[in-house]
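Bear in mind the structure is a predicted one, so any value in this text is a computation, not a measurement. Sequential numbering from 1 along the given sequence is applied to the chain's residues.
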Amino acid sequence: MAELGPVVWPPAPLRTERLMLREPEAGDRATYIDLFASSEVRTYLGGPRPRAELESAVPEVPGRRPGVFAVDYDGAMIGIVTLDRRDAERPGHVRAGAGEAELSYMLLPEAWGRGYALEACVAALGWFADAFPGEPVVLCTQVANDRSVRVAEKLKFTELERFEEFGAEQWFGVWSSVPWSG
């Protein structure tokens with residue numbers, strides 16, 4: 001995972017109809033650990049991490065770096081949205097030299113099925129399009145994660161390819177604020 005690039009960070013909180021995307025803060029630590037320790041959340045992300053390991057490894061203020069947004073609903077963190085640079089060694093790229101921005105997200109199971117992932121990702125992509133005009137964003141998810149594939153399609157990601165990675169078939173797509181010509 002490489003640095004996102006030169007941006008003013010943290011940005012002002014991003015407000016949507018129901019959510020606020022903001023920089024993580026100390027009060028988010030327990031939710032952050034819950035996300036990474038959840039077998040439901042991590043079903044398609046390599047499985048849950050041991051809670052004890054997370055308790056000792058997660059800093060007081062988790063995820064405080066450019067590209068990490070805490071998703072806040074009614075004053076409480078319900079998930080995260082991240083924009084990171086995709087590792088060059090991984091399959092799936094849309095430009096020479098790789099390093100594309102990659103969108104990912106995780107929400108607590110009790111927040112699923114309400115459109116929060118879509119709403120939060122739209123806001124994050126809007127911020128990214130302003131910060132990095134014309135730059136494409138990629139998204140990779142397991143084909144078996146039909147909910148995530150539907151979110152990607154609703155966000156207007158265009159599927160480019162499928163490949164095997166981490167022992168599963170992956171769906172790989174690209175989004176751009178300007179028309180993309182692959």
Can you check side-chain contact (heavy atoms from CB on, under 4.5 Å) on Trp175 and Leu125, steps first, answer last?
CA-CA 9 Å; Trp175 174 92; Leu125 287 168; 3.7 Å; yes

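- Between atom OG1 of residue Thr16 and atom CD of residue Glu119 there is a gap of 3.5 Å, rounded to the nearest 0.5 Å.
- At distances below 3.5 Å, not a single donor-acceptor pair connects side-chain atoms of Arg86 with backbone N or O atoms of Leu103.
- The shortest non-hydrogen separation linking Pro62 to Glu60 is CD-O, 3.4 Å.
- A salt bridge between Asp84 and Arg65 is present, with a side-chain N of the basic residue lying under 4.0 Å from a carboxylate O of the acidic one.
- Clustering ILVMFWY residues whenever any of their side-chain heavy atoms sit less than 4.5 angstrom apart, transitively, puts Leu83 in the very cluster that holds Leu45.
- Rounded to the nearest 0.5 Å, atoms CD (Glu153) and CG (Leu139) are 10.5 Å apart.
- Heavy atoms from other residues, nucleotides or ligands lying under 6.0 Å from CD of Glu17 number 12 at most.
- Rounded to the nearest 0.5 Å, atoms CZ (Phe163) and CZ (Arg90) are 6.5 Å apart.
- Distance CD1/Ile80 to CG/Leu108: 10.0 Å, rounded to 0.5 Å.
- To the nearest 0.5 Å, atoms CG (Leu160) and CH2 (Trp171) are separated by 8.0 Å.
- With contacts defined as side-chain heavy-atom distances shorter than 4.5 Å, the pair Thr141/Val149 qualifies.
- Between Trp127 and Phe69, the ring center distance clears the sub-6.0 Å criterion.
- A donor-acceptor pair is defined here as one N or O able to donate and one able to accept, closer than 3.5 Å; such a pair exists between the side chain of Trp112 and the backbone of Leu107.
- Of the possible polar contacts, none joining the Ser38 side chain to the Leu35 backbone as a donor-acceptor pair under 3.5 Å is found.
- Although no hydrogens or angles enter the test, the distance criterion places no donor-acceptor pair under 3.5 Å between the side chain of Glu165 and the main chain of Gln170.
- Between Phe128 and Ala101, the shortest heavy-atom contact is CZ-CB, 3.4 Å.
- Taking each heavy atom of Gly92 and Glu161 in turn, the nearest pair found is CA-OE2, 3.7 Å.
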Carefully, step by step, assess Arg162 and Phe172 under the rule side-chain contact (heavy atoms from CB on, under 4.5 Å).
CA-CA 6 Å; Arg162 293 183 183 201; Phe172 180 79; over 6 Å; no

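- A search for side chain to side chain donor-acceptor pair (under 3.5 Å) contacts involving Thr31 returns nothing, not counting sequence neighbours.
- Of all the heavy atoms in Val81 and Ala124, the pair that sits closest is CG1-CB, 3.6 Å.
- Taking the charged nitrogens against the carboxylate oxygens, Glu135 and Arg95 do have a contact shorter than 4.0 Å, which makes a salt bridge.
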Audit row: Gln142, Phe166, side-chain contact (heavy atoms from CB on, under 4.5 Å) steps and yes/no:
CA-CA 9 Å; Gln142 285 187 23; Phe166 307 121; 5.5 Å; no

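- Of all heavy-atom pairs between Ala70 and Pro24, the closest is CB-CA, 4.1 Å.
- Of the possible polar contacts, none joining the Arg64 side chain to the Glu25 backbone as a donor-acceptor pair under 3.5 Å is found.
- Note: His93 NE2 to Cys140 SG = 10.0 Å, rounded to the nearest 0.5 Å.
- Residues passing the side-chain contact (heavy atoms from CB on, under 4.5 Å) test with Ile33, sequence neighbours excluded: Arg29, Arg51, Leu54, Glu55, Val58.
- Grouping the Ile, Leu, Val, Met, Phe, Trp and Tyr side chains by contacts below 4.5 angstrom, directly or via other members, places Trp9 apart from Val61.
- The number of heavy atoms from other shown groups lying within 6.0 Å of OH (Tyr73) does not exceed 12.
- Note on Phe132: it does not cluster hydrophobically with Val68, by side-chain heavy-atom contacts below 4.5 Å among ILVMFWY residues.
- Using a 4.5 Å cut-off between side-chain heavy atoms of Ile, Leu, Val, Met, Phe, Trp and Tyr, with links allowed through other members, Val41 and Ile78 fall into the same hydrophobic cluster.
- Smallest separation of non-hydrogen atoms from Pro13 and Arg22: CB-CB, 4.4 Å.
- Side chain of Arg114 to main chain of Glu110: a donor-acceptor pair is present (N/O by atom type, distance under 3.5 Å, no hydrogens or angles).
- By the criterion of side-chain heavy atoms lying less than 4.5 angstrom apart, applied directly or through intervening Ile, Leu, Val, Met, Phe, Trp or Tyr residues, Val137 is grouped together with Val7 in one hydrophobic cluster.
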